[in-house]
Structures are given as C-alpha cells and as structure tokens.
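Proteins come first, then strands; the chains are lettered A, B, ... in the order of their sequence lines, and each starts at number 1. It should be emphasised that the depicted structure is a prediction, and the values quoted were computed from it without experimental measurement.
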Amino acid sequence: MDMNEIKEIFFQECEEQLAELESGLLKLNDGDRDPETVNAVFRAVHSIKGGAGAFGLDDLVSFAHVFETTLDCVRSNRLEPNQDVLKVMLRSADVLADLTNAARDGGNVDEARSRQLIKELEALANGEMPQPAPEPAKAAPIAQVAPAPAANDDGFQPVAFSFEDFEAAEPPTIEPSTYEIVFRPKSELYAKGNDATLLLRDLSRLGEMSIRCDMDRLPALDEMNPEAAYFSWKISLKTDKGEEAIRSVFEFAEWDCELDVTLASGDASDAGQELPMQPVPFDLSLLDEGAPAQAEAIEDDEQIVSQQHDLRDAAVSTAANASNVLKMAQTAARAPVENAKASPASAAQAAGQQAASAATPTIRVDLDRVDRLINLVGELVINQAMLSQSVIENDTNGTSSINMGLEELQQLTREIQDSVMAIRAQPVKPVFQRMSRIVREIADMTGKSVRLVTEGENTEVDKTVIDKLAEPLTHMIRNAVDHGLETPEKRVAAGKNPEGTVRLTAKHRSGRIVIELADDGAGINREKVRQKAIDNDLIAADANLSDEEIDNLIFHAGFSTADKISDISGRGVGMDVVKRSIQALGGRINIQSKPGQGSVFTMSLPLTLAVLDGMVVTVANQTLVVPLTAIVETLQPEASAIHSFGATQRLISIRNSFCPLLDVGRILNFRATQANPVEGVALLVESEGGGQRALMVDAIQGQRQVVIKSLEANYTHVPGIAAATILGDGRVALILDVDAIVAASRGQALKPEMTLAATG
Amino acid sequence: MTYAAKTLTNGGRELIAFRVGDQEFCVNIMSVREIRGWTPATPMPHAPSYMLGVINLRGAVLPIIDFSARLGMKPAEPTARHVIIVAQVGSQVVGLLVDAVSDILTVSQADIQPTPEIASEVERNFARGVLAIEGRMICLVELDTVFPYDEREAA
Amino acid sequence: MKKRVLTVDDSRTIRNMLLVTLNNAGFETIQAEDGVEGLEVLESANPDVIVTDINMPRLDGFGFIEGVRKNDRYRAVPILVLTTESDAEKKNRARQAGATGWIVKPFDPTKLIDAIERVTA
C-alpha cells in the first residue's frame, strides 16, 4: 500500500464520515439529544480533520477545525443545538463535503461561502446567535449559548501543523557546553510506562556523558516499596545541542520527575567528584546491545549497575546492592510479561489476526472484480443455455439423466447469478442522503421552508442503478421544491403548515424498485399546463385530454411551467430529461397530482442493469428481445381490426379504442415494405403520455431472462436499440428500445396522435 | 506519422497481410487480437452498408466490417472460407471480414513507401503506405480510419 | 525479535498510515478500531508499545489507557497518544490516565518512529 492508496481510502472514509455527519445532524434537528449522536457527529468532523492533516489538505483542515470547535461546544453542552444552530451546521457539512470533493478532484469551492460559514461557526462558538434565517421562520427557540470556552479561545491556530517549523526552530549548532543535570524520577514515571534507562540513553545520544547514580534515599529492605522510585541521577553532559534538546528528551516525563539542568561552571570531569553521594558509574553502551535478560552482572563492591535490564528493575525495585533481592523483585515484576512473551509469536499473531477479523464482518472489494465476476457468470448463463439448446437439438431420444443434469445446471447457474447480482446491490441511502442537501439549498434559494422525509433508505438496488439515479432524482427534488411547494405565505393562506414536506420513499415491488417522490404542494395547475402545451404547439387547442394525460404533458421536451426559467430547476432541462434518463435505466415514471394537495412522482426501475426479462420475437428473420416490462399485452390482430389512416399510418382497434400500429421491421429498416399485420403478432406497449402503441412483430419465440451486453463498448449507440444480448444459439440478438421506437414513429406527429388517442 | 506501430528491436516491424479480392493489404500485428472463421452476424439497424452486423466473441459484442465494402469495392458475400481479423482499435475491439490471411511480414521502416499520389481520397485516408514484396504490392492499412465510430458517424 | 505495536484508532486512514509506517520501520503491527477492541486484543497482541487515538466510539483513548494500566500484565507497557493538536488539556488528561507520551497528528513517519524508539528499549 502506498500513500496514494491511503489517500483514496481517506476519501472513501470522508464520504462515510460526511454521511454520518449529515445523518447525525438531521437526527439532532429532529430533536434527538443522545450524547452519542453528538459524539458521532463530532468524531466525523474530527476524523476528516485528522486525515486531511496527514495529507496536508490545509483548506479542509482549517474548516474542519472551526467546525469541530463549534461542535465541541455542543458536545460539552455549552451550545444548544436548536434549529438555527443546526441550519448553520448542516450548511457547514455541505461546505465540508465540497471541500472534500475539491481536495479529491480538484476544482474550486465557493470560498465566500466557506468564509461566511467559518464566521458563523465562530460566532456560535463565541456564544453569538446565528443570523436570522432568511425564510419566514417559525419562532425559533432562543439559543442557549454559554460563553466561549477558554480552550477554543486561546488563539490556537487551526492545525496546518508542520514539523519542519519545529526543526527549523531548533537552535543551530551551539558551541559544545557541559551541562549538569539532576534527574530525579517519581514513581509515576514508571507507572506510566516511562523508563529512566531509556531517558538516560536518549540523553547520552546528545553528547559525551558521565552519570552517577544517587542511592541515598534507598530505604532499608523491609521498608522498601517495590514500585517506588528511590534513585536519582546526576549527569554531566557535554553537548552542542543546547538546553532545549536536553529538556525535550524529558518531554514525556516532565511532570513525573524533578529535572534540573544547569550550565556547568568548571570542568565536567570534576563535577562528579564533588557530589555528596555514592556515585555509581553507569555504562550506557550496553543499552544498545540487547543483552540477555539475566541479572547477574552485579558487582556488589562497586555497586555498578551494568545492564540496562537491571537498571530498570533496580530503579523500580531499588534492590541494587543485593543481587538475590534484585532477582526476586525482578521475577515479581516481569514474570507475567515474560510468560506472555514465551508463547510462540506465531500463535499470538494468529490470535491477533483472529481478533481483528472478528471485528470486521464486511470486506471491501474493488468494483472491477465484482463486475468481472458478473460478466463471467453472464457467460456461464449463456453457455448453459447454449448447451441446453444443443443437447435438446441433438438428443432426440431425450436421455433423461442428461436432461436432469442440465436442469440442475440451469438452476445452479440461475442461483449463482442471483447471488452475484446481490453483491452489487446497495442501499439507496447515500443517494437519499444527498437529496437532503439539495432540498436545503433550494429551500434557501427560494425562501421556502421544506422538510425532507425519507423512507426505505435501506432498500437495495444494483449499484449502477443507484449511481444513475442521483441525477434524475436531484432534478425532480429541485422541481418539487421549486414548482411543487408554495411559498410559506401561500401555504398559510391555504390553511397549510408553512413548512412544506417532500417525502422520498423507496420500496421493492414485484422485482423492481419503486421510488416515490411526494410533495404536499399545490399540485399541478392543469389549466396552466394545458395552455402551455397549446402555446407550445404540443396539443391542439380543442384537444380533449384526461387529467392524467395533462399531468403527463410535463414530461414532454421543452415543457416548463415556471414563468421564468429559474436558476433552480431550470438549467435548461425539463422533466423530459428526467423521463429519458429513467427510461434509459429501463424504468418508467408517472405522476399523480391532486390540486391543492400535491403531486406524487412514481418511478419504477429494474433492480439490476445486468439482466432483463425479455420476450424473444422475430422480425424480418431477425431475433429481437423486447423488455417484458414494456409489454402490456400481446394479441393476434384480426384483419377487421386493422384500419389504414392516411398514406402510411395504420391503427388497430382494441376494445373499441384505436391504437397506432408500428411496424418494427420498417422502423428498424429491416425490410423495405410493410408487413401484413394479420400474419404477425401485435405487442401492446405503454408509451409516453399514457397512450399505448401496438408494435408489430412476425412471431413470438418465448420469454427468457437475458444478460445485457453493451453495444457501446465496441460499437456505438444505435437508435431504437437499447443493448444486445447473446441467445442460446450463441448469436447476438438486439434488445429493442421500445420508447425510442415509439418516439421514432411519432416524429413530430405528437399533436394528431394525442388528439386521436384522446378521442378514440 | 501517427501510426503507433511497435517496432521490433532490429528496427523492423511485423505485419499481417491479407487478401481482399485480388488486392493485398496489411496491418500491424500488434493490433491483431486473433483471426477466426466467419459466423453469421446479426445485422444492425441504420448501419452503413459495410457494417455487416455484430457477432458474439466469447461474450462480447463484436462489430464486423466488410473490408472490401468499406474501401468502396465490391461487397463481400461471406462464406465459411472468409476470415475475420479481430483487431484492437483504440479502446474498442472490432472484426474485419477479409477473404484470407496471406502472410506475416517483417519489414523495416525503409521498406514502406509513401502512398502514391494517384490514389483517390478514400485510399489515401486509410493507406499509410505501400510495400513492395516479391513483386507484389501490399497496402499498409491504418485501422483507425477504417473504424471511425464516433457519434457523428453513427448518427 | 520484532517489536510489537498495538495501534488503536477508529479512522481507517490513520490506521493504514500507521500500518504502513510501522511495518516499513520493521515493527509488527496489530490494529484495533476503538478502545473496546483495543482491550479485547490486548492479550493476544501482547504489545511492546501501544499507540492510541483519543476520540473513538464505544471507548475513547482515556478509558482505553486506564483499562491497560489496570491490567497487571500490561500496566508498564508504554502508551503513546495520538493527538490532533498540541492541546495541553488533552495531553494532561491523557497523562493522568497513564499515557507515556504523545504524538502530534498529522504525524510524519520519522516522528512516530522516534517517539516509539524513545519509550522502548
């Protein structure tokens, strides 16, 4: 693993933390006051800051720092997270997300916005009220804000922390001087895992050193506390690193020892002699040699402690002048540790790994690997189908064991396929979470007060579908807030809650995912829509349309009911784009609207884009697959039901209504002349505007699930063709893009058809 | 010279030569993935006439070009004796229907003569030069220009 | 024998950085994601030194250090605390809980290894 990979992990983690942050803030917004929620929110920002610091992402660090400081006020109950405070925090979360994206992908962030939010966050931390919200807010509870915490007020600069500064600050080479150092550890020093020996070792690295150990305070054996510190050291050090360097050696120990550093006046070698203590010469060179842990080399007469292991234990147990006591104390102090170490390293390692794996029940897998697996399983399915077909063709005797084996194989492959597909299934949650930000932004822009309620966030669908869902959903949400919901004044006038509600729901229904977007706004203004459609030449002035048909007019290209193209839902695209992208996913969308009560958009999408249930048909000797979801019913046209209309159009009457008959073979240019409808089969399909069309094909071969193959990978998009698949005979079959076929047949002829459909 | 041929260490390069009608062409061996026999292709709607359709190449959808028709010559009438040269062109893999593969040539840059000026625009577009080998004339083909699948072309 | 370092940090990013840094420096690294897991793996990890974060779910660094210090077998193991900034208050709390020393994030590999070398033989 290199730094780039870790950085990638960091950004993945950021995404998770940002989601955590947002959902935590939203919970707080809903009145959740669980300290763990606040902690989780704090930790999310804290983590982002920590990682960002490691990669020198200064913008991200400084914003996260201010955000974290304010969150810390909430965490320590110095700031009440009321709705106004949370509004600032949610916007800050958005900016944090922007900064993260900018750090990953480059690009710019709205600096004015982040500066503004930094100000607002600092104001909150300093106990100031947030700016009054731009919307006509309900009387917000007064923020209970405590004075600014001292810790955040000490002029501490947001992290951008550089070790280089430290190093540069180190005094350059100083003339070597001799320092007298008295180091007297307290017992706490050992209790916290520091070790006098190691400190002395580090000290010795600074220059020439001589040490004497002072054992004066060593009590009688029966009074000794085995864990107390009785020794101190007097050190004479000749170094050119300066006093700071000496003190920094004791950085971790400064609270737990007495330390006295003075510049020696006389000769270093004399200094030791003058000490009024029993000096213990001290050989540090052995420290680096990893001597065996045996406490033998005690020279009683001279009381020289000559091994590092002994020194440490001597310092703790103080029994330096009695080797047997020392050994005893040593045994007591380190036996448990040694025992633990005696166990084979490999076993301990295995146990450690086990413990680690128990804590992570999920694995992260490269999407590429999953896709490769899915492709291979797709091959398997095709191969299995090909094998079945050739066995059936060649084995007229119907050897039952082969057939049974094949059936089992078929079942197995189907199961493998389902399991593999399930790997790619992901909850829609991330997309839903993104929508709450969109809602906030548009609410701010339009001065509307909006509450987003999400349901079924854990509904799972193929990752590809999720990825492609965000854009149309974003557009629809914008549309719902911008066009669907009324202003607070209008809502109050209509006797509604000034705060509008947008409800986003996901659920599974008959093998598809259904996503509903409901608003409690004014509903579709049908008169306006109708007028607009007439003005835009979409329908005839006297067209007689059902409510449903009028509502669905908003999905037509270039249709926009907003009087001005607003910055929000405008952007030059309309609901037709939404509809097309949903259809491109093999989905459909429709709208139900009740005047005064709001609108509900319902999208139904396939759970996966890798396979599809299709009807295999023949058209002009070619095999085509028609997505089953598009087909309403199939019928065998009677000659009497076919009516010519104009030069080329034909209609089929179905239960007394007339439906345009489309010759797929002609539209795809597979044949030069029109087929005879009576010799073929008509597939009744649903199309835009709620109307139906009959697609004429020559024959139906059957239904089957097919693996979707991209045409674009090696070729290019073909109008009227959604994708390709490979059938049991090993040949490529094209999958029909029903809506494109219908659209192609219509050309610009929407007007007469709509009229006809309505009068028919 | 944009031709991205991998040159051999001795300064030469390997080419695969093939026959279409009574003419010989060659392409850089580095761009050839495999050579396989003809299987019936599934026609594509609204495709140019030289686009024979698509076939299944171990699970991938492979478009097949009638090389003869692509060059404005007589469209092929594919039989089992025809072969498909599967070649990598950019990020895509495509099949080239030809009559037969005739040779593998090792040539040096110096062997490649510039395309004669009498050639028509069509030929000049796909030809990167000509080779004289044992009295034969072999045209070096630039595959990028034979498979120009950008959006505009397909529309 | 390689020195064994137990790292406790809830951030995947930091965990990975620690892992890479420590492994490159020749340590054997055992990782836990929070204080609770840190205490759980303590016995099997049998570390020579511990590096822990402070802000963590379930059990924070302070609680973790106290837990280690209560364990007779590991109470003398050096513990280094990762702090995001040189926050005196946090450092003090960590010390009171029994931390041996600290490493200021964003750490650079040299500083991390230096700090570990300082507290281990």
Side-chain angles (χ1 to χ4, degrees), chain A residues 371-386 610 616 618-625 663-671 706-737 740-741 744, chain B residues 31-67 69-70 75 78 80 82 84-97 143-155:
Chain A
D371 286 347
R372 210 177 323 145
L373 182 61
I374 286 178
N375 275 335
L376 285 173
V377 173
E379 298 315 304
L380 183 65
V381 171
I382 291 162
N383 261 314
Q384 174 267 318
M386 285 165 70
V616 184
T618 312
V619 175
N621 294 323
Q622 297 301 320
T623 303
L624 292 172
V625 178
D663 185 343
V664 175
R666 279 294 298 135
I667 291 170
L668 293 181
N669 217 10
F670 279 167
R671 58 176 148 232
V706 297
V707 178
I708 299 175
K709 294 282 174 184
S710 159
L711 266 183
E712 281 88 339
N714 287 325
Y715 190 48
T716 181
H717 176 73
V718 179
I721 302 299
T725 188
I726 295 164
L727 293 179
D729 59 1
R731 288 193 58 176
V732 177
L734 301 176
I735 301 172
L736 214 59
D737 180 346
I741 296 285
Chain B
S31 55
V32 175
R33 287 270 205 90
E34 65 178 278
I35 292 161
R36 50 168 296 154
W38 162 254
T39 36
T42 301
M44 301 296 293
H46 311 294
S49 60
Y50 56 79
M51 213 1 254
L52 290 173
V54 290
I55 64 166
N56 163 24
L57 181 73
R58 288 184 301 279
V61 176
L62 183 78
I64 305 296
I65 296 263
D66 176 352
F67 188 74
R70 178 69 186 95
H82 280 78
I84 292 169
I85 297 175
V86 180
Q88 179 90 39
V89 181
S91 63
Q92 298 187 317
V93 180
V94 293
L96 198 60
L97 180 79
L143 285 176
D144 289 348
T145 58
V146 179
F147 306 103
Y149 290 134
D150 60 40
E151 293 281 330
R152 275 162 298 146
E153 178 85 8

Determine the minimum heavy-atom distance between Glu712(A) and Gln92(B), stating which atoms define it.
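Heavy-atom minimum between the residues: O-NE2, 3.3 Å.
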
Closest heavy-atom contact between Phe670(A) and Pro43(B)?
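Answer, listing the atom of Phe670(A) first, then Pro43(B): CZ-O, 3.9 Å.
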
Taking the side chain as every heavy atom from C-beta outward, state whether Asn669(A) and Pro45(B) have any atom pair closer than 4.5 Å.
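Asn669(A) does not reach Pro45(B) side chain to side chain.
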
Would a 4.5 Å heavy-atom cut-off, applied to side chains only, mark Met44(B) and Leu711(A) as touching?
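A side-chain contact exists here, since the closest heavy-atom pair is under 4.5 Å.
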
Asn714(A) side chain vs Leu62(B) backbone, donor-acceptor pair below 3.5 Å:
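Between the backbone of Leu62(B) and the side chain of Asn714(A) there is no qualifying donor-acceptor contact (under 3.5 Å).
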
Do you know which of Thr39(B), Val61(B), Ile55(B) has the most heavy-atom pairs under 4.5 Å to chain A?
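Among the listed options, the one with the most contacts to chain A is Val61(B).
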
Between Val718(A), Leu668(A), Leu376(A), Ile721(A), who has the most heavy-atom pairs with chain B when the cutoff is under 4.5 Å?
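With the most close heavy-atom pairs to chain B, the winner is Leu668(A).
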
If I measure from the heavy atoms of chain B, does Thr623(A) come under 4.5 Å with its side chain, its backbone, both, or neither?
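For Thr623(A), no heavy atom lies under 4.5 Å from chain B.
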
Where on Ile667(A) is there a heavy atom nearer than 4.5 Å to chain B: the side chain, the backbone, both, or neither?
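Backbone only.
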
